[in-house]
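These values consider heavy atoms only, across backbone and side chains, with no hydrogens, waters or symmetry-generated copies.
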Amino acid sequence: MLKPERDGKELIERIDKRITALSYHIQKYYWLDFTQLNNIYRYKTEEYSHTAVNKFNVIPESIPDWVFDFMPLRGGYLIGNVSPARMDFRWFLVGNCIAILSSLATPAQATAIMDLIEERWEDLIGEMPLKIVYPALEGHDWRTVTGFDPKNTRWSYHNGGTWPALIWLLTAACIKTGRPQIAKRAIELMEQRLSKNGWPEYYDGKAGRYVGKQARKYQTWSISGYLVAKLMIENPANLPIISLEEDKRISMPKLTRSISF
């Protein structure tokens, strides 16, 4: 279906147009930095015309208090959402790193994501890389979103837990953005404890200080994640295996640079 012969050419053109539109939508409306946060904070609601600034009727009061303290002047990240008007402001490591490796994030945004990691090192890296999501859900949100899952208590497992296996993903993103020193620092931190602790699946605690309460040890993905990270740092030429460059056939809209730069 994707061959240029016969009807495939028209289908490929339609895909390119859709990718362009979706990429622009994510880059513009899912990007959060200090400037954009301040803009959302000042949004007016109930705007419905084509001239509306608050295009998705985002309610400023829905911004969690922690975001204002977490957001540095330098840096930014791509957020998620629960519905078109209900943004999920949490930091997700996997999504942001994949956005860099897939060239979904613009070069300026990729740089800002790395800036954020450096600025919020204690929160996102801590004593054991890497925090899968920040911050953890507690109270009512934990009960409703995780369904009382006993593994997903705050700062544990998928609810703010620390996953060493993800070090390869961060390393690849760091190499692509020309910031290998960030990955080297994280790897050196990991090497102090990971093998001594028996290569556990995940760690618990706000700083990743404790081996996860239900973490299995000698996990192959914890070991392989570390080995892949080391091999990529030693030979960055391996990066193209898992990294996609921007498709030049698709005309990406130029976005203005944020205050982060």
Side-chain angles (χ1 to χ4, degrees), residues 1-33 35-37 39-40 43 45-59 62 75-116 132-133 166 168-179 221 228 232 236-258 260-261:
M1 292 177 63
L2 295 180
K3 291 182 178 180
E5 294 82 8
R6 297 183 181 180
D7 297 335
K9 182 178 180 180
E10 181 183 354
L11 182 60
I12 292 173
E13 291 176 352
R14 292 170 61 185
I15 291 173
D16 287 346
K17 290 180 180 179
R18 181 61 60 87
I19 290 175
T20 300
L22 289 175
S23 298
Y24 175 80
H25 184 84
I26 292 174
Q27 291 167 1
K28 184 171 179 63
Y29 299 115
Y30 286 76
W31 178 252
L32 191 69
D33 59 11
T35 299
Q36 182 63 3
L37 179 60
N39 290 339
I40 297 173
Y43 272 170
T45 56
E46 307 300 327
E47 293 184 298
Y48 298 106
S49 72
H50 68 278
T51 59
V53 176
N54 187 1
K55 297 182 182 299
F56 304 103
N57 201 32
V58 176
I59 301 173
S62 67
Y77 62 107
L78 291 163
I79 63 175
N81 72 344
V82 182
S83 67
R86 189 177 168 200
M87 304 164 108
D88 189 338
F89 289 89
R90 289 178 294 168
W91 154 265
F92 292 93
L93 172 77
V94 175
N96 278 273
C97 286
I98 289 178
I100 293 174
L101 293 175
S102 65
S103 292
L104 172 60
T106 68
Q109 289 173 344
T111 298
I113 291 171
M114 290 293 113
D115 289 342
L116 179 82
I132 190 171
V133 60
L166 298 176
W168 73 271
L169 195 57
L170 176 69
T171 301
C174 289
I175 293 173
K176 184 168 184 178
T177 54
R179 308 279 281 277
W221 62 350
V228 170
M232 281 196 294
N238 290 319
L239 180 64
I241 298 174
I242 55 174
S243 177
L244 300 175
E245 296 303 320
E246 181 181 350
D247 190 339
K248 300 301 182 182
R249 296 174 305 164
I250 301 172
S251 178
M252 303 298 290
K254 184 177 180 180
L255 303 181
T256 58
R257 292 165 71 87
S258 73
S260 304
F261 310 99

- Message: On a heavy-atom basis, which atom in I242 and which in A172 lie closest, and how many Å separate them?
- Response: CD1-CB, 3.6 Å
- Query: D33 and G75: which non-hydrogen atoms are nearest, and at how many Å?
  - Reply: CB-O, 3.4 Å
- Would you confirm whether Y77, through its side chain, and F89, through its main-chain N or O, come within 3.5 Å as a donor-acceptor pair? yes
- Where is the tightest heavy-atom contact between Y29 and M87, given as atom of each residue plus distance? O-CE, 4.0 Å
- Can any side-chain N or O of Q109 pair as donor or acceptor with the backbone N or O of Q27 at less than 3.5 Å? yes
- Of all the heavy-atom pairs spanning C174 and M114, show the shortest one and how long it is. SG-SD, 3.7 Å
- Query: Say you draw a straight line from CG of L239 to CD of E245; how long is it, rounded to the nearest 0.5 Å?
  - Reply: 7.5 Å
- Item | Selection residues 100-111 - residue pairs positive for salt bridge (Lys or Arg N to Asp or Glu O under 4.0 Å), sequence neighbours left out | none
- Task: Enter the distance from R179:CZ to T111:OG1 here, rounded to the nearest 0.5 Å.
- Result: 6.5 Å
- Note on the structure: Residues passing the salt bridge (Lys or Arg N to Asp or Glu O under 4.0 Å) test with R90, sequence neighbours excluded, are D88
- Message: Could you measure the distance from the CG atom of N96 to the CD1 atom of I113? Nearest 0.5 Å is fine.
- Response: 4.0 Å
- Note on the structure: A110 and T177 have their tightest heavy-atom pair at CB-CG2, 3.7 Å
- Separation between CD of E246 and CG of L104, rounded to the nearest 0.5 Å: 10.5 Å
- Message: For the CG atom of L11 and the CG atom of D16, what is their distance to the nearest 0.5 Å?
- Response: 9.5 Å
- When rounded to the nearest 0.5 Å, the distance separating CG of L93 from CD1 of I98 is 9.0 Å
- Query: Any donor-acceptor pair under 3.5 Å linking the side chain of K176 with the backbone of S243?
  - Reply: no
- Considering all heavy atoms of both residues, which atom of A173 and which atom of L101 are nearest to each other, and what is their separation? N-CD2, 3.8 Å
- Message: As a test of understanding, state which of F92, W91, Y30 forms a side chain to side chain contact (heavy atoms under 4.5 Å, CB included) with L78.
- Response: Y30
